[in-house]
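Reviewing the structure listed below.
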Amino acid sequence: MSQPSAPSEDPGGTATRRTARPTGESRPGKATRSPLARFLVRRIAAAVLLGFGITLVTFVLTNLVPGDPVTANLGQSALGDPAIVARFRAEHGLDKPLPAQYLTYLGGLLHGDLGMSQQSHRPVLTDLAEFVPATIELAGGAIAVSLVAGVAFGVVAALRRDRLSDQVLRVVSLVGISVPTFWLALLAFYVFFYRLQITPGSGRVAPDMSAPPGVTGLYTVDAALAGQWDVFSSAVGHLITPALVLAAYTIGLLTRFTRSAVLEVLGQDYVRAARAKGLPGHVILFRYVLRSALVPIITVAGLAFGSLLSGTVLVESVFARPGIGQYAYKSATTLDLPAVMGVGLVVGAVYVLINLVVDILYGVIDPRVRLS
């Protein structure tokens, strides 16, 4: 009878045992990144490249605008003196070729310098720090109202499809999309302030109140931080009407889009299976339906917020709210190129930031996005 073979020995005299490592498993001690971390790194790198492209596009398009900034700022009387014209061009770098001007502008951006405004004679960054918070406050209030009302209306319309409430909400959303914002702003100001006198007038706070101590530039936030609740209530009161006017279009858009997205999810097999299992309606709605429908809704909401932030000029004009829209209009009419480029950079940076946030939310809500 054959004897069992003895275990083979290695040159060192000790038996070794090798185990196969599963494919894709990282070596011990080797740092690995989660799929979400890799997803975030890729999106942030893309956002940086987009930011560089925005600077180039903004600079080129601004300098292609017809008109002479020297004429717009000095007037016809000063153009007859070549010394004044040459000094103005040298002071603002207009005597250099466009590539040299762009490199100078890019170098200033890296140091936080957006140039000097030719109208206010202050740094553009200082002007933007004064006007941007008012617009962010208005657009932020509008998008908050739009998300709550638009998503709620869309869900109700989808769950009660073809019923009276669905028909009413569809008509209301169509009206919100169709009515021009400037006409609605004028109507709201005339009816609620001038005729009924139930809303405050123009501005950000009452005329007999001073602005709260500047921390964020948002009057509502700064007043709450300082404990000035009378100023806080005045700031909120002055914010409600223009925010509702600005949100009218976005509410209509989100209502129709949410209704369509929810109806599409309600027809999926996994929703029918959840109903067949006897799960409660609110569990099906929030865990299955809304989570799947949120990805397209977030896309529309992100684009809507960007358009709100860059399109507040008409509402700010009607309600006399100093914001980036007013600043952009005055800068464009006077060919204040540094200020125009500064506004363009702010709007572009807002869209890049919104797209980055939307991409991150994609990865958080839907794991398939970050694993693809």
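Bear in mind the structure is a predicted one, so any value in this text is a computation, not a measurement. Position 1 is the first residue of the sequence; numbering continues from there.
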Between the side chain of [X] and the main-chain N/O of [Y], is any donor-acceptor distance below 3.5 Å?
X      : Y      : value
Gln228 : Ala223 : no
Ser331 : Tyr327 : yes
Asp222 : Pro212 : no
Thr58  : Met341 : no

Atom pair [atom1]/[atom2] of [X] and [Y] - distance to nearest 0.5 Å:
X      : Y      : atom1 : atom2 : result
Asn355 : Leu50  : CG    : CG    : 7.5 Å
Leu263 : Asp166 : CG    : CG    : 7.5 Å
His238 : Leu138 : NE2   : CG    : 13.0 Å
Trp183 : Leu314 : CH2   : CG    : 15.0 Å
Ser178 : Leu174 : OG    : CG    : 4.0 Å
Arg256 : Thr258 : CZ    : OG1   : 12.0 Å

Does the side chain of [Y] come within less than 4.5 Å of [X]'s, by heavy atoms?
X      : Y      : result
Asp113 : Leu125 : no
Pro322 : Glu316 : no
Thr135 : Phe131 : no
Arg163 : Val168 : no
Val151 : Ile297 : yes
Thr250 : Phe305 : no
Leu239 : Arg321 : yes

Indicate if [X] and [Y] have the same hydrophobic cluster label, given that clusters are the connected sets of ILVMFWY residues with side-chain heavy-atom separations under 4.5 angstrom.
X      : Y      : value
Val347 : Val48  : no
Val172 : Ile251 : no
Ile240 : Ile143 : no
Leu303 : Val145 : no
Val318 : Leu308 : yes

[X], [atom1]: over 12 other non-hydrogen atoms inside 6.0 angstrom:
X      : atom1 : answer
Gln167 : CD    : yes
Arg122 : CZ    : yes
Phe192 : CZ    : no

SB check Arg272 Asp269 (cutoff 4.0 Å):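 Here Arg272 pairs with Asp269 in a salt bridge, since their nearest N and O are under 4.0 Å apart.
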Ion pair Lys330/Asp336, N-O distance below 4.0 Å: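 Salt bridge: no.
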Residue pair Tyr190, Arg195: steps toward the side chain to side chain contact (heavy atoms under 4.5 Å, CB included) verdict: CA-CA 6 Å; Tyr190 175 77; Arg195 300 293 299 180; 3.4 Å; yes
For a quick test of reading the model, state the closest non-hydrogen atom pair linking [X] to [Y] and the distance between them.
X      : Y      : value
Ala261 : Pro296 : CB-CG, 4.2 Å
Tyr219 : Glu137 : N-OE2, 3.2 Å
Ala47  : Leu356 : CB-CD2, 4.5 Å
Ser117 : Asp127 : CB-OD2, 3.6 Å
Ile354 : Gly302 : CG2-O, 3.3 Å
Val315 : Pro242 : CG1-CB, 3.7 Å

Tyr194 ring center within less than 6.0 Å of Phe189 ring center: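 No - the distance between ring centres of Phe189 and Tyr194 does not fall below the 6.0 Å cut-off.
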Step-by-step side chain to side chain contact (heavy atoms under 4.5 Å, CB included) determination, Tyr288 to Val265: CA-CA 8 Å; Tyr288 292 89; Val265 176; over 6 Å; no
Distance-only side-chain donor-acceptor flag, Ser292 / Gln268, under 3.5 Å: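 Looking only at side-chain atoms, Gln268 and Ser292 do not form any donor-acceptor pair under 3.5 Å.
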Any side-chain donor near an acceptor of the partner, Tyr102 and Thr55, under 3.5 Å: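 Yes, a side-chain donor-acceptor pair sits under 3.5 Å.
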Stepwise side chain to side chain contact (heavy atoms under 4.5 Å, CB included) test for Leu266 and Arg275: CA-CA 10 Å; Leu266 287 175; Arg275 288 174 175 169; 3.6 Å; yes
Side chain to side chain contact (heavy atoms under 4.5 Å, CB included) partner of Ser146, chosen from Leu253, Val300, Thr255, Leu254: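 Considering Leu253, Val300, Thr255, Leu254, a side chain to side chain contact (heavy atoms under 4.5 Å, CB included) with Ser146 is found only for Leu254.
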